[in-house]
Amino acid sequence: MKTSVELQPPFQYMILWVIIALVFIAAVVAAQIYLRKKLGDRLKREKQIRLKKISESTLEGKKKKYIGELVLIEADLRNRKITVRQAYQKMSLCIRLFVRDVTGINVEKFTLTEIRRVNIPQLTQLVKEYYEPEFALESRTDVMASIMRTRHVIEAWRR
């Protein structure tokens, strides 16, 4: 008996499509390797910090401003308007804002580790000195000596 349904041979894949798929996959893998190498080197590199240049008169004005801030902190401390802890917090902000204004580096929210990377030893030393009394509930530090050291760093700052 003869049927009207005839079987067809299995679907034949053209070898061309397999070759195109392999070339495409190889191109994607090569592009991934290239971009990871290119971008990976860029991400690993430390960003260079550029210090802004300010005039001598601008620097002197900034020094006067922030030394005035230190005088206010000292006066508030002597008049018991602020605690030792608050004095250290205000000194930390004062020196950080001073450095930001004279260098252009926004260090006011940097951690001590990030400040070390900036490579300004005076700032690193002061912030390191402030850390314990700034965050401790009580501290036995000489806040007046810290104010004087902060003032000395500001006065001695050079362009």
Side-chain angles (χ1 to χ4, degrees), residues 20-159:
I20 290 173
L22 290 175
V23 168
F24 179 74
I25 290 171
V28 168
V29 169
Q32 285 263 338
I33 292 169
Y34 174 76
L35 289 175
R36 284 179 190 250
K37 185 173 180 358
K38 188 90 167 163
L39 293 177
D41 291 344
R42 186 178 297 165
L43 293 174
K44 287 179 188 174
R45 261 186 264 140
E46 290 281 329
K47 292 182 181 177
Q48 286 189 346
I49 298 171
R50 294 184 183 156
L51 301 179
K52 76 176 183 182
K53 304 280 185 186
I54 61 171
S55 67
E56 194 65 38
S57 61
T58 304
L59 178 61
E60 290 305 316
K62 298 292 183 188
K63 285 180 180 183
K64 286 179 184 174
K65 174 184 175 185
Y66 288 101
I67 289 172
E69 291 287 326
L70 288 175
V71 169
L72 290 174
I73 293 168
E74 185 177 3
D76 286 348
L77 188 63
R78 287 187 191 274
N79 295 330
R80 299 179 192 258
K81 291 182 179 178
I82 60 173
T83 64
V84 170
R85 182 179 185 189
Q86 290 170 325
Y88 275 103
Q89 290 169 344
K90 287 182 178 220
M91 277 191 293
S92 179
L93 184 60
C94 179
I95 192 66
R96 290 167 186 252
L97 291 176
F98 172 76
V99 170
R100 183 201 63 195
D101 285 355
V102 298
T103 65
I105 303 169
N106 194 9
V107 295
E108 61 192 87
K109 295 199 178 5
F110 279 17
T111 63
L112 183 58
T113 305
E114 292 169 325
I115 289 173
R116 280 190 182 110
R117 284 190 211 131
V118 173
N119 199 22
I120 302 175
Q122 309 94 319
L123 177 63
T124 304
Q125 184 59 38
L126 285 175
V127 171
K128 185 177 173 183
E129 178 182 332
Y130 299 158
Y131 256 43
E132 190 263 326
E134 190 176 358
F135 294 108
L137 293 176
E138 285 188 34
S139 177
R140 294 182 182 205
T141 57
D142 187 358
V143 68
M144 292 304 174
S146 294
I147 290 173
M148 291 308 295
R149 279 190 285 279
T150 305
R151 184 182 310 215
H152 177 71
V153 167
I154 291 173
E155 288 172 347
W157 195 275
R158 299 282 176 245
R159 297 188 307 142

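To the nearest 0.5 angstrom, Asp101 atom CG is 10.5 Å from Leu59 atom CG. Note that the CG atom of Leu72 and the CD1 atom of Ile82 stand 9.5 Å from one another [nearest 0.5 Å]. Between the CD atom of Glu69 and the OG1 atom of Thr150 there is a distance of 12.5 Å, given to the nearest 0.5 Å. For the atom pair SG (Cys94) and CD (Gln89), the distance works out to 14.0 Å, reported to the nearest 0.5 Å. Separating the CG atom in Leu126 from the CZ atom in Phe98 is a distance of 11.0 Å, to the nearest 0.5 Å. Here the CZ-CG distance, from Arg117 to Leu112, works out to 10.5 Å after rounding to the nearest 0.5 Å.
A donor-acceptor contact shorter than 3.5 Å is absent between the side chain of Gln125 and the backbone of Gln122. Although no hydrogens or angles enter the test, the distance criterion places no donor-acceptor pair under 3.5 Å between the side chain of Glu155 and the main chain of His152. Of the possible polar contacts, none joining the Thr58 side chain to the Ile54 backbone as a donor-acceptor pair under 3.5 Å is found. For Thr141 (side chain) and Val143 (main-chain N/O), no donor-acceptor pair under 3.5 Å exists by modelled atom type.
Salt-bridge formation is detected for the pair Lys63/Glu60: a Lys NZ or Arg NE/NH1/NH2 atom is positioned less than 4.0 Å from an Asp or Glu carboxylate oxygen. Arg151 has a carboxylate O that lies under 4.0 Å from a charged side-chain N of Glu74, or vice versa, which qualifies the two as a salt bridge.
Between Tyr66 and Leu70 there is no side-chain heavy-atom pair separated by less than 4.5 Å. Annotation: side chain of Lys90 is not in contact with side chain of Glu134 (no heavy-atom distance under 4.5 Å). With a 4.5 Å cut-off on side-chain heavy atoms, Arg96 and Asn106 do not count as touching. Between Trp157 and Ile120 the shortest side-chain heavy-atom distance falls below 4.5 Å. Within the 4.5 Å cutoff, side-chain heavy atoms of Met144 are placed close to those of Leu77. Met91 places none of its side-chain heavy atoms less than 4.5 Å from the side chain of Ile95.
With hydrogens and angles left out, the side-chain atoms of Ser146 and Glu129 include a donor and acceptor closer than 3.5 Å.
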With side chain to side chain contact (heavy atoms under 4.5 Å, CB included) as the criterion, how do Glu108 and Leu97 come out once you've worked through the C-alpha distance, each side chain's angles and the decisive distance to 0.1 Å? CA-CA 6 Å; Glu108 61 192 87; Leu97 291 176; 3.6 Å; yes
Would you please test Val107 and Leu123 for side chain to side chain contact (heavy atoms under 4.5 Å, CB included) and show each step? CA-CA 10 Å; Val107 295; Leu123 177 63; 4.0 Å; yes
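Taking both residues in full, the closest heavy atoms of Ile115 and Phe110 are given as CG1-CB, 3.6 Å, listed atom of the first, atom of the second, then distance.
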